Amino acid sequence: MRRRGFLAGSAAAAAAAAAGGVGLGLGRATAAVTDLPTGQRLMLPPLLDTSTAGRVDLATQTGLTRFSGGAPSTTWGFNQGFLGPTILMRDGPLRASIDNGLDEPITVHWHGLLVPGEHDGGPHTAVAPGANRTDDMQLGQRPAMLWYHSHVHGATARHVYSGLAGVIHYTDGRDDDRGLPSTYGVDDLTLILQDRRFDPEGRMIYNPTYTDILNGMLGPRILVNGQAQPIAAVPRGIIRLRIVNASNARIYSLHFNDMRPFHLVGTDGGLLPKPAEMTFLPFSPGERVEILVDLAQGPPPTLMSARGLPLSLLRFAHDSTLAARITRPPDAIADPIEPLVAPPGIITRRISLEMGGNSTGQVQSDRQAPPETDMGGNMGGHAGHGGAGAAPMDHAAHMNGGVPVHGQGPAVSGLVFDDFRINGRAYRMDRMDFDVKQGSIERWIVSGGGGVEHPFHVHGTHFQVESLASGGPPLTQNSGWKDTVLLSGGAASLIMRFDHPASERFPYMYHCHILEHEDAGMMGQFTVS
Ligand code: C2O
Ligand code: CU
Ligand code: CU
C-alpha cells in the first residue's frame, strides 16, 4: 500500500491512519499495482464526506490489484482500483456525479437510499463508457449503513465481483449521544465481506458454470475490504463493526471463535431501539449489520463464519496506543420502531422466487454435481443445492462460461436465462410487473424455491418483517428496518410503505440478491405513482 493512498480520505481517515489504522485507496493512479497481501493490518476504504460540499464525485476505473501476493488481477473500482470510498451522507440536497471510465455501461445503484426511481441507479439508468451522469437528490431518512453497486441487467454479478461496490454511512451526526463508537478505523470498522475465486497464479477469476448460476458464485477465499485474513488493531473496549455482505452469493453465519456474545445494533435500514444480544448472526448477500463487540476482556478473538466448515474472516489484536472511548454497550439507542399498521383492504402481493425448468421451482438435472474442489473445503453458501447439475453446454454458451473477470464477451445479458423467474416470469426491462400507489402500505408474502435460500430485496422502501412461515415472531436479525431478507425455507410476510415515485421509465426493482439469480432473471420491476 502506498502511503499516498492513506491521504485519499477525509480528515477522519487521515487521523485514523495517523493512529496506525487505515486507508484503502489509491486516488486516480491506475498504472501502479495495489497490494492487498494476506495477514496484514486491516485497511478501510477512504472516507468521503459529502456534507460540506453537498456532492459526491465517483469515477469508475480499472486497477491492477495483487491479492495475497499472487499475479496482479485487473479489477474495477470507484476512484481507485478496487471497490470504492465510504461515502458519508446526511439529510439534505446531494449532487451525485458519476464518470464512467470503463469500456462498458455501468450504473450506480444506491442500495437502501430512499430516493425516486429516476435517481435509484437501477438497470434503466446506465452510464455509457466515457459518459457522465449527474443526479440532484433530496435526501432524508434514518441513519443506517447503506451501500452502492453497479446494477446493469445481466452484468450486475460480474460488475460487483470486479469491484464496483462501496459503502454509504447515512448519518445524523448523533452517534456520540447514542453512545455508539464512531471513530472511523479505530473503534468503528467498516467491513466489506466478499468471497472470491483465484486461478493458480492468484488472479481473481469470474468463471461461473451453470451450477454456479444455480448456487450463486462462491469462492474459497474470503476478502474483507479486499484483504484475505486481515488483522484489525483495536483499543480494549467496545468496537462497532459495520458489515455489508457484498458477496455475489455467499451466506455467512457470523460469530466469534471464542463464542463471545455480541450485540446487534443496526440492520439494513436503521438502528435498533436497543442492543440485541446474539452469538450467531446469519447474514446474506445485500444485507448490512452493525454490531458491537466488547474486546476489553480476554485474548482478542477472530470473527468467523460457520456454514459448513468454519471460516476465519478477521482477526483482532489490541493496540495499546489506541484509547477505548466506549466501554459498555448503550442501554438504548433509538426510539422504538413504530410498527407499520395494515390499513383496511391492504393490498397483498404474493411473490414467488422460482428456478429450474418447471413451475415447481425444482432444478431439472440428471447430471452429477461436479466435485467442489475449488471451494477450499467450504461450500457453506447455502443450505441445500436442490439437485444442481453440471453445466450443459447450451447453458454454458449463453453465459460465456469461463470468461475472466471482465473484458471479454458481451457487456450486457451475460447471464440471461428463462429458468430463473418471479411468479413464472423472467425479468424483462420493457415489462412493468405492477404499480403501487404512492404513499400506500402494502403486504408482500414472499417465498423462495428451488431448494436454495434466496435473499429478497426491494428498491425504494424499507420494510418490516411481520413473521416467517413458521408463524413465529421475526428473527432477531430481522427485527429492525430491512430492505433485504433471507428467505430460509418458507415465506416471509413483509409490510412496507412507498413514499417516493417511480415512473415507467425509471421503475424500482425487486429481486433475489444472489447476483447470478438476479442477472439470470429472478427480478421484477414496478412503478410507484
Ligand atoms: Cu443491491 Cu437491486 O440491489
Ligand atoms: Cu437495491
Ligand atoms: Cu435467489
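In this text, all values refer to a predicted model and were calculated from it rather than measured experimentally. One-based numbering, in listed order, for ligands and for the atoms of each.
The existence of a salt bridge linking Glu287 and Lys482 is confirmed by a sub-4.0 Å separation between a basic side-chain nitrogen and an acidic carboxylate oxygen.
Taking the six-membered ring where the residue is Trp, the centroids of Phe456 and Phe463 are separated by 6.0 Å or more.
Within the 2.8 Å limit, His457 places no N, O or S atom next to atom 2 (Cu) of ligand 1. Within the 2.8 Å limit, His511 places at least one N, O or S atom next to atom 2 (Cu) of ligand 1.
Atom 2 (Cu) of ligand 1 lies at the vertex of an angle of 100° between the NE2 atom of His151 and the NE2 atom of His459 (rounded to 10°). Draw a line from atom 1 (Cu) of ligand 1 to NE2 of His513 and another to NE2 of His149, and the angle between them is 110° (to 10°). Our summary of the site lists the angle at the Cu ion (ligand 3) between ND1 of His517 and SG of Cys512 as 130°, to the nearest 10 degrees.
Using cut-offs of 30° and 60° on the angle between ring planes, the pair His517 and Phe420 is tilted.
For the Cu ion (ligand 3), the nearest N, O or S atom contributed by His454 is named ND1. Looking at His111, its N, O or S atom nearest to atom 1 (Cu) of ligand 1 turns out to be ND1.
Among the candidates His511, His159, His151, the single residue satisfying the ring pair (Phe, Tyr, Trp, His ring centres under 6.0 Å) test with His109 is His151.
Under the 6.0 Å distance and 45° angle rule, Arg221 does not count as a cation-pi partner of Phe67.
For Arg497, the CZ atom counts as loosely surrounded, since its 6.0 Å shell holds 12 or fewer non-hydrogen atoms of other residues, nucleotides or ligands.
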